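Reading through the structure tokens given below for one structure.
It should be emphasised that the depicted structure is a prediction, and the values quoted were computed from it without experimental measurement.
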Amino acid sequence: MDSTGPAEDTTRAGRREWIGLAVLALPTLLLSLDLSVLFLAQPQLSADLNPSASQQLWIMDIYAFMIAGFLVTMGTLGDRIGRRKLMLYGSAAFAVASVIAAYSTTPEMLIFARALLGIAGATLMPSTLALIMTMFTDAKQRGFAIGVWLSSFMGGMAIGPVIGGALLGWFWWGSVFLMAVPVMVLLMVTAPVLLPEMRDPDAGRIDLLSVVLSLLAILPVVYGLKEIAQYGFSAVAGGSVLVGIVFGVLFVLRQRTLDSPLLDLKLFRSRTLSGALVVMLLTSATISSSIMLFSLYLQTVRGYSAVESGLWLIPAATALIVTSLVAPKIAQKVRPAYVAAAGLLVAAAGLAVVSQVGTATSLVVVLLGFVLVQAGVGPMGSLGTEMIVGSAPEERAGSAASVSETSTELGVAIGVATYGTIAAAVYQNLVAVPPGVPAEAAAAAGETISGAVAAAEGLAADTGAALLDSARAAFTSGVNTAAGVAAVILVVLAGLTVALLRHVGKTGEESPAPADAGVAMAAEREAR
């Protein structure tokens, strides 16, 4: 199946396509794993390279920044030059950057390597999803394939700490990067044989000014939201978000004047695509902070290590994987909007459970709540992604995939900032620092529970225990409040999902929105 235009017939995928899906799942899992695995390596890395506090932050953050910033550009570039070709270039770059990162001798070298990894990762994410749309033209098979793709991404997030802990137990910190090399080599060897090529034959040149504007729109927003999540609102963080919004407006205005825009705004004329994007953005914003807060709860309140916390995350990740794969099957008999909305209500129920936990609540109850949250978000992840990418013409699948993933990245940043701020505000209002704690340690303990845990290590036993008890109770209350707010919002989102997407037919049925969008674009190309 090698094409440079839209497929004209719908055929069921065979063995070659399913093996190809397995090949695509590996880099997807690896990309998400790279987002979480470095947290464990940071102590060894810091001891070896001795980075400053600012350099440590850039080592951790630059990878996600580059992925978010370049997704739109790379998704559109794949539509132009070919998604398989772009993925092969990206996998080679990812392998080389991984080796550079593993053997970095200075903080600056590692920051540079992490930035390259992020740019290379941005070529892989939309390409893998767009190729799935090309390989699986049967709607029922495609829904399951997208569920596998999403499961690989979320599975990588969950098992990252576990794999990282195992590698660091036997090797040095650079080993967490080298595991990418054989995966990328396998992808480069098998992709030309197993994966089809697909591109837009009518695409024009990439507009470099649009690329710059897209970066200036996305990167400041992500940076500002991350700063708010870590340190609270400040003029710098707020100004950064505002700058990004201004450049975002300029980016949109620029696209409206181009014959061959970087991002075709006509994609958003599809009710399905626009509605699914809104719901996916708001859902990721509401759910994203739960993983961060739950992991922090396990480590600071329950006292588990990062590796142990990763193990406790596996049941929830498994629940998400199962519902991501099952939801497309159910959507063959029930309209996807109702399936996704039901999932959001399940997630809301899980957050309601989390909103009631205390420092002494059975861990089984806490885990049950988090499992329900992840199980509930799975249907929206797989069905929403399919609705977004499936509603675009086939030659625009890369652009649609990049828009889907960019909205998710922005949603994560918004959610971590918003709900992290809620939890932090409650913590700071409730924590009581006992007398006798040095001023600097008291200030740190009053800001975050991590600061309280670090401060307690240098205090007398009774004073340290009192500080920890107060900090743990205050942090748990913060988690309770954030979970309660998120639960209410998810109930509203369930209703919004039905309102915006109930027109989408059951999987396998004809839906007028995608066809209308494709006809409109085809007519415009003919007019040119």
Side-chain angles (χ1 to χ4, degrees), residues 26-74 77 86-128 153 156-157 159-161 163-168 170-188 211-212 214-215 218-220 222-223 226 230 306 405 409 412-413:
L26 283 174
T28 302
L29 184 147
L30 188 68
L31 287 172
S32 61
L33 193 149
D34 242 35
L35 287 168
S36 59
V37 73
L38 198 58
F39 288 101
L40 287 178
Q42 190 172 8
Q44 290 186 23
L45 184 156
S46 298
D48 192 11
L49 301 183
N50 194 28
S52 66
S54 176
Q55 288 172 332
Q56 285 187 35
L57 288 175
W58 280 111
I59 288 170
M60 298 298 296
D61 295 341
I62 192 69
Y63 176 73
F65 285 167
M66 291 296 100
I67 285 181
F70 279 93
L71 276 173
V72 170
T73 298
M74 295 305 180
L77 181 61
L86 180 65
M87 189 176 66
L88 289 173
Y89 289 155
S91 58
F94 201 95
V96 172
S98 297
V99 174
I100 296 173
Y103 293 100
S104 293
T105 55
T106 65
E108 293 82 3
M109 184 177 176
L110 183 54
I111 292 170
F112 172 74
R114 290 277 287 170
L116 287 181
L117 283 170
I119 296 172
T123 70
L124 297 171
M125 292 177 69
S127 295
T128 55
F153 187 82
M157 292 289 289
I159 66 175
I163 293 178
L167 288 172
L168 293 171
W170 289 92
F171 307 105
W172 91 115
W173 59 265
S175 62
V176 301
F177 295 109
L178 287 182
M179 64 180 174
V181 177
V183 173
M184 294 305 166
V185 170
L186 176 64
L187 181 62
M188 286 186 285
V211 173
V212 173
S214 72
L215 292 174
I218 296 171
L219 292 179
V222 175
Y223 173 79
K226 194 169 183 65
Q230 288 184 326
E405 290 160 12
E409 292 283 342
V412 169

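- Atoms CG and CD1, from Leu124 and Ile119 in turn, are 12.5 Å apart once rounded to the nearest 0.5 Å.
- Of all non-hydrogen atoms in Ala120 and Gly90, the two that sit nearest each other are CB-O, 3.6 Å.
- Here Ser91 pairs with nothing under the side-chain hydrogen bond (donor to acceptor under 3.5 Å, both in side chains) rule; sequence neighbours left out.
- Among residues two or more places apart in sequence or in another chain, the side-chain contact (heavy atoms from CB on, under 4.5 Å) test is passed with Ala92 by Met188.
- Contact between Gly69 and Ser214 at its shortest, heavy atoms only, is O-OG, 4.4 Å.
- In this structure Leu49 satisfies the side-chain contact (heavy atoms from CB on, under 4.5 Å) test together with Leu45, Pro51, Pro107, Leu110, Trp173, sequence neighbours excluded.
- Distance check: Met184 CE to Phe94 CZ gives 4.5 Å after rounding to the nearest 0.5 Å.
- One finds the CG atom of Leu215 at 7.0 Å from the CE atom of Met66 (value rounded to the nearest 0.5 Å).
- Leu178 meets the side-chain contact (heavy atoms from CB on, under 4.5 Å) test with Val99, Ala102, Tyr103, Trp172, Val181; sequence neighbours excluded.
- Contact check for Met74 versus Leu77: side-chain heavy atoms found under the 4.5 Å cut-off.
- The only option from Leu86, Thr73, Ile67 that meets the side chain to side chain contact (heavy atoms under 4.5 Å, CB included) definition with Thr123 turns out to be Leu86.
- Scanning both residues, Leu71 and Pro126, for their nearest heavy atoms gives CD2-CD, 3.7 Å.
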So Phe177 and Leu117, side-chain contact (heavy atoms from CB on, under 4.5 Å) or not? Walk me through it.
CA-CA 10 Å; Phe177 295 109; Leu117 283 170; 4.1 Å; yes
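- Not a single ring pair (Phe, Tyr, Trp, His ring centres under 6.0 Å) links Phe112 to another residue, sequence neighbours left out.
- Note that CG of Leu187 and OG1 of Thr128 are 9.5 Å apart. Values are rounded to the nearest 0.5 Å.
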